[in-house]
Amino acid sequence: MFSNIFRLFLCKKVKKSNKILLEIIVNYPRFVRAFTIYCPNYQPEDVEHVYCSNLVRGIDHIKDPRLNKGLAFTLKERQALGIHGLLASKIISQEDQVGIARLSIDRYKSNLNKYIFLTELQDTNEKLFFSLLADNIEKYMPIVYTPTVGLACQRFGLVYKRPRGLFITIHDKGHILKILNNWTENDVRAICFTDGERILGLGDLGAYGMGIPVGKLSLYTALAGVKPHQCLPIMLDVGTDNQTLLEDPLYIGLRQKRVRGQQYNDFIDEFMEACVTRYGKNTLLQFEDFALPNAGPLLAKYRDRYCTFNDDIQGTASVAVAGLMAATRVTKKKMKENIIMFLGAGSAANGIADLTAQAMVEEGMSLKDAQGQIYMFDVDGLLTSKREGGVPEHAKNFGKDCEPEKNFESAVAKIKPTCLIGCSTVGGAFTPNVLKQMGQNTERPVIFALSNPTSKAECTAQAAYENTEGRCVFASGSPFPPVQYNGKQYKTGQGNNAYIFPGMALGVIATGAHTIPETMFLGAARTLANFVLESDLEKGRIYPSLNQLREVSFTIAVAIAEMSYKLDTATIFPKPKDLSAWVKSHIYNSTYSSYLPRFYDYPPAPDIKMKTIEEAYHTLKLVFTIIRRPLSDNRANVKKFSLCTRIVFSILI
Ligand SMILES: O=C([O-])CC(=O)C(=O)O
Ligand SMILES: [Mg+2]
């Protein structure tokens with residue numbers, strides 16, 4: 001470390017103080033985080049690129065996916081970087097590269113092969129991958145995400161080639177922090193992790209579940225612009241109870257049954273603590289695809305202590321409630337005028353039910369009355385106290401005291417729900433008879449088949465429209481093509497949490513929120529519902545089109561940032577005057593940057609020629625001033641102290 005400081009002080013060729021800044025940023029990783037939180041305009045990836053262009057030369061520049069531009073390197077860059085001759089002579093613009101990549105993908109017939117192509121592109125040229133994805137969301141989201149990612153997880157032994165994220169096993173207990181230290185990126189702001197026990201509706205896929213956090217985080221960047229180097233996917237491998245996988249020669253995870261109980265809980269405890277020790281207290285920790293017995297209790301345990309949320313409970317709830325809100329404009333029924341019935345009583349169903357009840361309360365209903373209008377039906381039938389075993393603890397708010405009913409169709413006929421929501425992972429469970437009954441229950445029945453991937457959807461869009469004479473309001477978790485019925489085309493909406501979690505993440509990261517209160521998910525739902533146009537509703541769609549997802553995510557991010565201050569969970573002070581501009585300043589730029597020196601592009605700073613140690617000292621002082629300035633708020637005194645201490649330690653130790 002001292003040699004680094006020495007190197008910094010002896011940096012002879014420095015022309016401008018910004019160059020010194022770059023040196024500091026690159027050499028002192030903990031400093032990077034402190035610095036970039038307060039000066040997000042200094043895009044760390046650009047800083048690294050500019051810096052790296054001086055250090056990384058030759059073939060290494062092409063091999064690094066963050067630096068690689070393929071044939072888009074200009075002649076000057078090729079000469080400066082020592083890669084002239086390593087590339088074909090033609091120089092191709094990034095835009096043309098996107099077109100070529102599209103042609104290449106289209107040549108593959110199978111979606112799994114398209115997935116593999118895109119993964120390889122991400123591994124070789126990150127900016128091209130994200131610009132391709134961001135420009136073609138509707139086309140490629142179903143490949144890198146649901147439903148193809150489900151198939152990729154099932155075949156992960158074949159798909160897995162090189163590290164993207166960390167695998168932490170139960171045997172690493174006691175050493176998790178050390179493993180996090182092996183991830184060389186220091187500016188991680190968001191971690192998405194799974195233990196693989198409930199991968200989509202596909203069940204326990206063990207370590208093969210890694211595809212899900214990888215896919216989710218790709219959407220963080222493609223949809224919300226969270227910088228890719230700030231995202232870390234993690235697989236917590238505690239074994240699998242999937243016998244087929246335990247016998248699969250290609251299986252890449254621990255070949256043992258799942259560890260449960262105290263040992264599991266201690267492992268997750270250690271993991272959560274290690275993450276904040278390594279990356280800071282307000283690192284966003286997203287639980288993904290945990291099974292029911294763990295998902296709810298872990299959320300309850302950590303939600304007030306960490307910046308965390310469970311995507312399947314809260315993200316799914318938020319998108320479903322947004323759908324219900326938008327549907328009120330079609331059905332002309334307020335939320336509180338509905339009878340809602342769930343098929344499935346797991347974490348997703350309970351998350352949606354809780355948030356729906358809150359939305360009804362906001363319309364002036366008591367919580368008890370709201371819960372009274374929400375029914376659940378699981379594998380053992382209607383949730384009532386009179387059934388064998390009673391109402392399960394995790395769904396106790398929605399159990400009723402009526403007679404037991406084991407037949408789903410009869411339950412739908414008896415209770416006459418106006419909204420039917422599928423979170424059961426039982427493909428085809430909304431039979432034609434069930435759908436017809438919904439058509440009899442009300443003029444405009446709301447039918448959501450939310451289970452993923454497509455094979456697990458409770459019904460297809462086609463079946464929903466056909467069996468309700470085109471009167472239903474339909475949404476599904478996985479995409480369905482438009483439906484033709486009775487001479488009319490219906491474009492159905494995809495009620496997938498992808499509408500929520502990217503924007504939520506950006507808003508939370510931009511304000512350094514230290515917890516994520518539940519009302520933020522209601523706020524996100526409302527923001528999303530407001531995006532739905534009358535023209536969408538006319539086409540039968542209660543969500544904005546996927547191509548609007550970037551705009552939607554940004555608007556949600558700004559709303560979340562606003563709430564973050566209102567709810568006193570933000571840690572960036574003083575509150576930026578223009579919150580929208582502040583959020584924007586955090587967004588990743590997937591356009592290639594020039595690797596020729598361009599220090600003059602950075603915000604103006606005094607032009608100090610570094611000849612003496614004294615001048616270097618002044619530059620450091622300048623950096624401190626920049627960092628201290630936004631912390632003048634009295635409320636932030638403690639944070640100010642700890643931040644300054646961290647900076648001093650970063651530099652001196
Ligand atoms: O991944 C998706 O498409 C939605 C989701 O969280 C799930 O089904 O678990
Ligand atoms: Mg999920």
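When a ligand or atom number is given, it counts from 1 through the structure's own listing order.
Of the charged side-chain nitrogens involved, none lies within less than 4.0 Å of a carboxylate oxygen, so that Lys173 and Glu270 do not count as a salt-bridged pair. Note on Arg258 versus Asp204: salt bridge recorded, some NZ/NE/NH1/NH2 to OD/OE distance being below 4.0 Å.
No donor-acceptor contact under 3.5 angstrom links the side chains of Asp304 and Thr515, judged on distance only. For the residue pair Tyr208 and Asn242, no side-chain donor N or O sits within less than 3.5 Å of a side-chain acceptor on the partner.
Of all the heavy atoms of Val149, none lies under 4.0 Å from any atom of ligand 1, so neither backbone nor side chain is involved.
Taking every non-hydrogen atom of Glu288 and a distance limit under 4.0 Å, the qualifying atoms of ligand 1 come out as 6 (O). Residue contact check: Asp289 has heavy atoms under 4.0 Å from atoms 9 (O) of ligand 1. Every atom of ligand 1 is numbered from 1 in the order shown, and the set under 4.0 Å from a heavy atom of Thr146 is 1 (O), 2 (C), 3 (O). The ligand atoms of ligand 1 that sit less than 4.0 angstrom from a heavy atom of Asp312 are 5 (C), 6 (O), 7 (C), 9 (O). Near Lys216, with a cut-off below 4.0 Å to any heavy atom, the atoms of ligand 1 are 1 (O), 2 (C), 4 (C), 5 (C), 6 (O). Those atoms of ligand 1 with a heavy atom of Asp311 less than 4.0 angstrom away are 6 (O).
In this view, Gln462 and Glu466 satisfy the side chain to side chain donor-acceptor pair (under 3.5 Å) rule, not counting sequence neighbours.
Smallest separation of non-hydrogen atoms from Glu126 and Pro228: OE1-CG, 3.4 Å. A pairwise comparison of heavy atoms in Ala295 and Phe290 identifies CB-O, 3.9 Å as the closest pair. Shown here for Asn282 and Gly512, the closest heavy-atom pair between the two residues is ND2-O, 3.0 Å.
For a distance threshold of 2.8 Å, the protein N, O or S atoms nearer than that to the Mg ion (ligand 2), listed by chain and number, are Glu288 OE2, Asp289 OD1, Asp312 OD1.
Ranking protein heavy atoms by distance to atom 5 (C) of ligand 1, first place goes to Asn497 ND2, 3.5 Å. Distance from atom 9 (O) of ligand 1 to its nearest protein heavy atom, with residue and atom name: Arg198 NH2, 2.3 Å.
Of the possible polar contacts, none joining the Asp289 side chain to the Thr194 backbone as a donor-acceptor pair under 3.5 Å is found. Although no hydrogens or angles enter the test, the distance criterion places no donor-acceptor pair under 3.5 Å between the side chain of Asp248 and the main chain of Thr244.
Polar contact check, Asn452 against ligand 1: a nitrogen or oxygen pair lies under 3.5 Å apart.
Tyr465 and Tyr490 have parallel rings, their planes meeting at less than 30° on a 0 to 90° scale where 60° marks the start of perpendicular.
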